[in-house]
Amino acid sequence: MNHAGAALYRECRAHGGVVDLSDRTQLILTGADRVRYLNGQVTNDVRKLRPGQTQAACVTTAKGKLCADVFITAQDDALVVDADPSLREALRARLERYIVADDVAIEDATETQALLHFISSKAPAFASDGYMATARRFGREGWDVRMPRRNFAAAREELLAGRVVIDEALAELLRIEAGIPRWGRELDENTLPPEAGLDDTHIDYHKGCYIGQETISRLRSVGHVNRRLTGFVAEDATPLAPGAGLYAGGGEAPAAGVLTSTAFSFALEKAIALGYLKRGSPTGALHARAADATGLSAVVTVQELPFVS
């Protein structure tokens with residue numbers, strides 16, 4: 001066990017912390033039609049947002065598959081959309097595609113805006129120039145602080161003082177324990193939002209029309225998808241690997257599912273994973289077999305998400 005990592009984890013669980021998300025794609029929408037326009041492009045109801053609030057949403061194709069999972073923040077005179085860094089060009093192109101006569105402009109602020117997220121029920125206090133909004137990114141209450149990058153260097157010490165600084169490894173553990181899917185791991189262009197459980201957090205089924213609505217509403221009417229994001233816990237100390245296939249009874253094929261993200265949980269003191277399990281597959285013990293030449297195999301059991309509330 002990494003004792004330093006375990007201590008940092010416990011401190012974060014007890015008192016929260018701050019993570020630098022400035023590498024995320026950040027697009028700023030301005031113009032009188034920004035709310036109406038974006039509401040027609042995403043799965044959540046942008047009209048419900050008030051300045052200082054953030055909501056999660058999906059951008060989908062006409063067939064209901066993901067283009068991106070995003071966070072939308074309402075400011076006094078703008079909407080800010082942030083997403084995985086790899087989606088910078090594709091997301092802007094997707095959002096600009098349907099602008100015709102709308103009073104909407106999209107600015108790429110990825111290089112000019114810093115973004116910090118504070119895991120805390122209490123708003124951070126700081127004297128620096130920045131915009132603050134509520135946001136729930138790791139399954140817990142939190143706050144986003146945005147400011148120009150040119151001001152961030154001077155404000156960094158003030159913003160981080162006395163707080164647990166969450167590095168990439170700890171952020172990934174917190175994400176997996178919370179059962180939150182990530183672009184490039186659980187999410188890609190072939191994912192239907194309900195498969196990843198995003199219908200619980202990213203979709204408003206009562207809003208008006210948006211691109212992909214017909215397919216997503218039909219999936220809800222059917223009542224199931226062919227696979228579902230699931231949690232898994234290792235029964236022993238064998239490590240788990242992303243990409244490992246899941247097999248019932250140690251058999252060869254067909255695979256019942258696949259692991260997508262793995263970590264060692266200090267809370268459970270076991271290896272855990274997110275992954276997809278096909279509909280109708282056994283929910284008892286499964287063998288997770290690594291996809292590489294090692295052929296490493298571990299026994300896992302299905303775990304309801306989140307792992308840690």
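Just so you know, residue 1 is the first one in the sequence shown, and it goes up from there.
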Item to check | Criterion side-chain hydrogen bond (donor to acceptor under 3.5 Å, both in side chains) on Thr54 and Thr73, from CA distance to verdict | outcome: CA-CA 4 Å; Thr54 297; Thr73 302; 3.0 Å; yes
Examine [X] and [Y] and state if one hydrophobic cluster contains both, with Ile, Leu, Val, Met, Phe, Trp and Tyr joined whenever side-chain heavy atoms are less than 4.5 Å apart.
X	Y	answer
Leu246	Leu305	no
Val225	Leu229	no
Val70	Leu66	yes
Ile72	Met132	no
Val165	Phe152	yes

Heavy atoms only: give me the nearest [X]-[Y] pair and the separation to one decimal.
X	Y	answer
Thr61	Cys67	CG2-SG, 3.6 Å
Ala298	Leu240	CB-CD2, 3.7 Å
Thr262	Pro242	OG1-CD, 3.4 Å
Leu192	Gly64	CD2-O, 3.5 Å
Phe307	Gly231	CZ-CA, 3.5 Å
Arg149	Ala114	CG-N, 3.6 Å

Item to check | Non-neighbouring partners of Lys65 that pass side chain to side chain donor-acceptor pair (under 3.5 Å), sequence neighbours left out | outcome: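 Partners of Lys65 by the side chain to side chain donor-acceptor pair (under 3.5 Å) criterion come out as none, since no residue qualifies.
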Out of curiosity, [X] [atom1] to [Y] [atom2], how far, rounded to the nearest 0.5 Å?
X	Y	atom1	atom2	value
Arg279	Asn226	CZ	CG	5.5 Å
Arg36	Asp33	CZ	CG	4.5 Å
Leu286	Ser297	CG	OG	10.5 Å
Asp129	Arg150	CG	CZ	8.0 Å
Asp23	Thr110	CG	OG1	9.5 Å
Leu187	Thr260	CG	OG1	9.0 Å

Validation row: [X], [Y] side chains within 4.5 angstrom (heavy atoms):
X	Y	answer
Ile203	Tyr210	yes
Leu259	Leu274	no
Cys12	Ile166	yes
Phe232	Thr301	no
Val145	Pro124	yes
Val308	Arg13	yes
Ile180	Thr201	no
Tyr131	Gln113	no

Sequence neighbours left out, cut at 3.5 Å: what donor-acceptor pairs do the side chains of residues 214-221 make with other protein atoms?
| residue | atom | partner | partner atom | Å |
| --- | --- | --- | --- | --- |
| Ser217 | OG | Gln213 | O | 3.1 |
| Ser221 | OG | Ser217 | O | 3.2 |

Would you check if the side chain of [X] reaches a backbone N or O of [Y] as a donor-acceptor pair within less than 3.5 Å?
X	Y	answer
Asn44	Ala56	yes
Asp20	Ser22	yes
Ser265	Ala271	no
Arg50	Arg47	yes
Thr191	Pro193	no
Tyr37	Ile99	yes
Asp200	Leu198	no
Thr60	Ile211	yes
Arg92	Ile106	yes
Lys207	Gly40	no

Please output the side-chain donor-acceptor pairs of residues 115-122 that fall under 3.5 Å, not counting sequence neighbours, one pair per line with the distance.
| residue | atom | partner | partner atom | Å |
| --- | --- | --- | --- | --- |
| His117 | ND1 | Trp143 | O | 3.3 |
| His117 | ND1 | Asp144 | OD1 | 2.8 |
| Ser120 | OG | Lys122 | N | 3.0 |
| Ser120 | OG | Lys122 | O | 2.9 |

Item to check | CA sep, side-chain torsions, deciding dist, call: Thr230, Tyr276, side chain to side chain contact (heavy atoms under 4.5 Å, CB included) | outcome: CA-CA 6 Å; Thr230 308; Tyr276 283 101; over 6 Å; no
In residues 79-91, what donor-acceptor pairs under 3.5 Å come from side-chain atoms, sequence neighbours left out?
| residue | atom | partner | partner atom | Å |
| --- | --- | --- | --- | --- |
| Asp82 | OD1 | Arg24 | NE | 2.7 |
| Asp82 | OD1 | Arg24 | NH2 | 3.0 |
| Asp82 | OD1 | Arg137 | NH1 | 3.1 |
| Asp82 | OD1 | Arg137 | NH2 | 3.3 |
| Asp82 | OD2 | Arg137 | NH2 | 2.9 |
| Asp82 | OD2 | Arg146 | NH2 | 2.9 |
| Asp84 | OD2 | Ser86 | N | 3.0 |
| Asp84 | OD2 | Ser86 | OG | 2.6 |
| Arg88 | NE | Asp108 | OD2 | 2.8 |
| Arg88 | NH1 | Glu111 | OE2 | 2.8 |
| Arg88 | NH2 | Asp108 | OD2 | 3.4 |

Checklist entry - Can you name the residues that form a salt bridge (charged side-chain N to carboxylate O under 4.0 Å, His left out) with Arg227, not counting sequence neighbours? => result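 Salt bridge (charged side-chain N to carboxylate O under 4.0 Å, His left out) list for Arg227, sorted by chain: Glu195.
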Next on the checklist: Checking Asp199 against Arg228 for the salt bridge (charged side-chain N to carboxylate O under 4.0 Å, His left out) test, could you report, in this order, the C-alpha distance in whole Å, the side-chain angles of both residues, the deciding distance, and whether it holds?
Outcome noted: CA-CA 12 Å; Asp199 46 338; Arg228 190 79 179 187; 3.5 Å; yes
Item to check | Any pair counted as salt bridge (Lys or Arg N to Asp or Glu O under 4.0 Å), so long as it reaches residues 164-176, sequence neighbours left out | outcome: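 Every pair satisfying salt bridge (Lys or Arg N to Asp or Glu O under 4.0 Å) with a residue in residues 164-176: Glu172-Arg175, Glu172-Arg182, Glu172-Arg185, Arg175-Glu186.
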Item to check | NZ/NE/NH1/NH2 to OD/OE distance under 4.0 Å, Arg34 and Asp103 | outcome: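 Answer for the salt bridge query: no.
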Next on the checklist: Taking Arg163 first and then Glu11, would you say they form a salt bridge - that is, a charged N and a carboxylate O separated by under 4.0 Å?
Outcome noted: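 Looking at Arg163 and Glu11, the cut-off is not met.
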Item to check | Audit row: Asp236, Lys270, salt bridge (charged side-chain N to carboxylate O under 4.0 Å, His left out) steps and yes/no | outcome: CA-CA 8 Å; Asp236 56 29; Lys270 290 183 177 180; over 6 Å; no
Checklist entry - Step by step, would you call Leu170 with Tyr9 a side chain to side chain contact (heavy atoms under 4.5 Å, CB included)? => result CA-CA 7 Å; Leu170 180 54; Tyr9 170 86; 3.9 Å; yes
